[in-house]
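Atom set for the values below is all heavy atoms of this structure, side chains included, hydrogens, waters and symmetry mates excluded.
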Amino acid sequence: MDATATPARLPPLLGPTTAIRRVVLLLLLLINGAVAWNAVRHDTRIGYDSRHHLRYVEVLAEGRLPGPKETRQSYAPPLPYVLPAALVALTGIDAESATRAALLLQAVLSVGLCLGLLALCRRLRPGNGWLCVAALLLLGMPAAYYRTFAMLRGEPYLTFLTVGLTLLVFEVLDRKRFSLSLALGLGTVWALLALARQWGLVVIGASAGFLVLTALWHRDRASPLAGTAALGLALCLLGGGWFYAPTSQKPKPAFNQKLCLDCAPSQMLGSATLGLGWPRIIQQPGRPAFSREPLAILYSDWWGDHFHYFLVHATRDT
């Protein structure tokens with residue numbers, strides 16, 4: 001092969017043809033326009049455990065992590081709260097106003113997530129623009145996406161970092177030699193995932209396990225892959241492990257020791273059915289419908305707002 005030959009280039013990020021690019025661009029504007037609108041307009045006091053998230057910001061602004069008696073979110077990693085807490089500490093504004101900046105940052109994360117998703121589609125199926133369209137449609141259809149990005153939570157950081165991590169893993173697999181920059185990048189993303197939400201630990205384990213299994217399967221690349229994973233995990237432990245270390249001094253359960261089942265009375269769960277509630281789920285998608293149908297609740301909440309938290313009753317969590 002000619003060493004001077006130009007390497008094959010991937011098709012444009014927004015699609016191979018003008019028509020597909022226009023559709024992709026329209027979907028990007030619709031999805032992120034809605035996210036940005038919510039970031040500007042949604043009341044920061046409305047949401048799941050909103051008062052406790054705001055309290056986390058107030059305590060973190062004092063330069064310390066909150067305890068269980070100060071907020072029910074004390075178990076959560078601090079990354080989503082760093083920006084609003086810094087604004088409170090530096091400017092003296094209240095937590096509600098500072099959280100607005102965090103929501104705007106989450107709107108930026110939404111844009112990055114969408115572009116990362118398009119980059120993944122381009123790597124998986126180069127030249128297939130309709131895959132990009134389908135991916136954005138599937139991302140933008142559930143109301144849960146917009147609701148999550150309109151509240152101060154760790155999930156927007158988790159999803160954004162997970163997409164970025166997937167792209168980074170592709171880069172690691174493309175290299176046949178050890179790359180210090182990729183190992184440092186991998187460790188940094190892993191550490192941020194650990195500090196974004198506890199579910200990030202699952203993503204870290206899955207991606208690190210995948211690299212290890214690939215190294216075992218491809219013995220000729222075992223050394224660079226193992227070295228990359230080892231250095232990345234070491235950096236992750238240094239950068240994100242500190243939050244999980246002092247568990248004996250301050251209870252910080254990894255998943256808050258709760259399941260969604262504790263939201264419903266035990267007598268309802270005793271006679272619960274697994275029906276999807278069709279067709280009543282279309283006619284009456286919110287509570288108190290489907291109190292004994294967990295799958296119907298999950299379905300209606302994913303595509304709508306079963307628990308009436310997001311600008312339906314507009315009641316603040318107090």
Colleague: How far does CH2 of W190 sit from CG of L165, to the nearest 0.5 angstrom?
Modeller: 7.0 Å
Colleague: With the threshold set at 4.0 Å, does a side-chain nitrogen-carboxylate oxygen contact exist between D94 and R100?
Modeller: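 No.
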Colleague: Can you name the closest pair of heavy atoms from A95 and V57 and give their distance?
Modeller: CB-CG1, 4.0 Å
Colleague: I'd like to know if W242 and L192 are part of one continuous hydrophobic network [Ile/Leu/Val/Met/Phe/Trp/Tyr, side-chain heavy atoms within less than 4.5 Å].
Modeller: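 Yes: a chain of side-chain contacts under 4.5 Å links L192 to W242.
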Colleague: Quick check: is L139 connected to L25 through a chain of hydrophobic side chains (ILVMFWY, heavy atoms under 4.5 Å apart)?
Modeller: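 Result: no, two separate clusters.
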Colleague: Would a hydrophobic clustering, with Ile, Leu, Val, Met, Phe, Trp and Tyr connected at side-chain separations under 4.5 Å, put L104 with I31?
Modeller: no
Colleague: Under 3.5 Å, is there a donor-acceptor pair between the side chain of H52 and the main chain of Q73?
Modeller: no
Colleague: For A222 versus A215, what's the shortest heavy-atom pair and its separation?
Modeller: CB-O, 3.4 Å
Colleague: When you compare the side chain of Y157 with that of L105, does any pair of heavy atoms fall below 4.5 Å?
Modeller: yes
Colleague: Work out which heavy atom in C114 is nearest to a heavy atom in L28; give both atom names and the distance.
Modeller: CB-CD2, 3.5 Å
Colleague: Do the non-hydrogen side-chain atoms of P78 and L195 ever get within less than 4.5 Å of each other?
Modeller: yes
Colleague: Hey, is the main chain of R175 close enough, under 3.5 Å, to the side chain of R221 for a donor-acceptor pair?
Modeller: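 Pair found, side chain donor or acceptor close to backbone of R175.
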Colleague: If hydrophobic clusters are built by linking Ile, Leu, Val, Met, Phe, Trp and Tyr wherever their side-chain heavy atoms come under 4.5 Å apart, do L213 and L173 end up in the same one?
Modeller: no
Colleague: Is there a donor-acceptor pair closer than 3.5 Å between any side-chain N or O of Q198 and the backbone N or O of Y75?
Modeller: yes
Colleague: Any sub-3.5 Å donor-acceptor pair from S300's side-chain atoms to H306's backbone N or O?
Modeller: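 Not at all, since once roles are kept as given, no pair shorter than 3.5 Å links the two residues.
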Colleague: Parallel, tilted or perpendicular for H53 and Y81, by the 30°/60° rule?
Modeller: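 Taking Y81 first and then H53, their aromatic rings lie parallel (interplane angle under 30°).
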Colleague: Rounded to the nearest 0.5 Å, how far does CG of D49 lie from CE of M151?
Modeller: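 Taking CE in M151 and CG in D49, the distance rounds to 10.5 Å.
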Colleague: Please identify each residue that fulfils salt bridge (Lys or Arg N to Asp or Glu O under 4.0 Å) with R64, with sequence neighbours left out.
Modeller: E62, E70
Colleague: Quick one, N38 with F149, criterion side chain to side chain contact (heavy atoms under 4.5 Å, CB included). Give me CA distance, side-chain angles, the key distance, then yes/no.
Modeller: CA-CA 8 Å; N38 288 332; F149 275 82; over 6 Å; no
Colleague: Search all heavy atoms of P224 against all heavy atoms of T228 and return the closest pair with its distance.
Modeller: O-OG1, 2.8 Å
Colleague: Identify whether the distance between the nearest side-chain nitrogen and carboxylate oxygen of R123 and D174 falls below 4.0 Å.
Modeller: yes
Colleague: Can you tell me how far the CG atom of L103 sits from the CZ atom of R153, to the nearest 0.5 Å?
Modeller: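 That separation rounds to 12.0 Å.
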Colleague: Check the pair L231, L180 against side chain to side chain contact (heavy atoms under 4.5 Å, CB included), reporting the backbone distance first and the verdict last.
Modeller: CA-CA 9 Å; L231 180 56; L180 179 60; 3.7 Å; yes
Colleague: Give the intermediate values and the outcome of side chain to side chain contact (heavy atoms under 4.5 Å, CB included) for residues L186 and L235.
Modeller: CA-CA 9 Å; L186 196 65; L235 292 174; over 6 Å; no
Colleague: Please tell me if the side chains of L152 and T44 come closer than 4.5 Å, counting only heavy atoms from C-beta onward.
Modeller: no
Colleague: Measure the shortest side-chain to side-chain distance between V88 and L60 over non-hydrogen atoms and say whether it is less than 4.5 angstrom.
Modeller: no
Colleague: To check you understand the geometry: which heavy-atom pair defines the closest contact between A36 and A107, and what is its length?
Modeller: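 The pair with the smallest heavy-atom distance is CA-CB, 4.2 Å.
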Colleague: Answer whether the closest heavy-atom distance between the side chains of L65 and V59 falls below 4.5 Å.
Modeller: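 Result no, sub-4.5 Å side-chain heavy-atom pair not found.
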Colleague: Is there side-chain contact between L54 and T71, with at least one heavy-atom pair below 4.5 Å?
Modeller: no
Colleague: Under the rule for salt bridge (Lys or Arg N to Asp or Glu O under 4.0 Å), what residues qualify as partners of E58, not counting sequence neighbours?
Modeller: R55
Colleague: When you measure from the side chain of S110 to the backbone N and O of Q106, does any donor-acceptor pair fall under 3.5 Å?
Modeller: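 No.
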Colleague: Would you say the side-chain atoms of R219 pair up with the backbone N or O of L216, donor to acceptor, closer than 3.5 Å?
Modeller: yes
Colleague: Between T214 (side chain) and F210 (backbone), is there a donor-acceptor pair under 3.5 Å?
Modeller: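 Indeed, once roles are kept as given, a pair shorter than 3.5 Å links the two residues.
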Colleague: Rounded to the nearest 0.5 Å, what's the gap from OG on S207 to CG on L193? Could you check?
Modeller: 7.5 Å
Colleague: A89 and A61: which non-hydrogen atoms are nearest, and at how many Å?
Modeller: CB-O, 3.6 Å
Colleague: Hey, what do you get for CG (N32) to CG (L136), rounding to the nearest 0.5 Å?
Modeller: 9.0 Å
Colleague: I'd like to know if L298 and Y146 are part of one continuous hydrophobic network [Ile/Leu/Val/Met/Phe/Trp/Tyr, side-chain heavy atoms within less than 4.5 Å].
Modeller: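 Different clusters.
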Colleague: Is the backbone of V35 close enough, under 3.5 Å, to the side chain of Y145 for a donor and an acceptor to pair up by distance?
Modeller: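 No.
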Colleague: Under a 4.5 Å cut-off applied to non-hydrogen side-chain atoms, are L79 and F243 in contact?
Modeller: no
Colleague: How about S179 and V172: do any of their side-chain heavy atoms sit closer than 4.5 Å?
Modeller: no
Colleague: Starting at CZ of R125, measure out to SG of C132 and round the result to the nearest 0.5 Å.
Modeller: 12.0 Å
Colleague: Test side chain to side chain contact (heavy atoms under 4.5 Å, CB included) on D301 and R147 and set out the steps.
Modeller: CA-CA 10 Å; D301 196 51; R147 182 178 59 199; 3.1 Å; yes
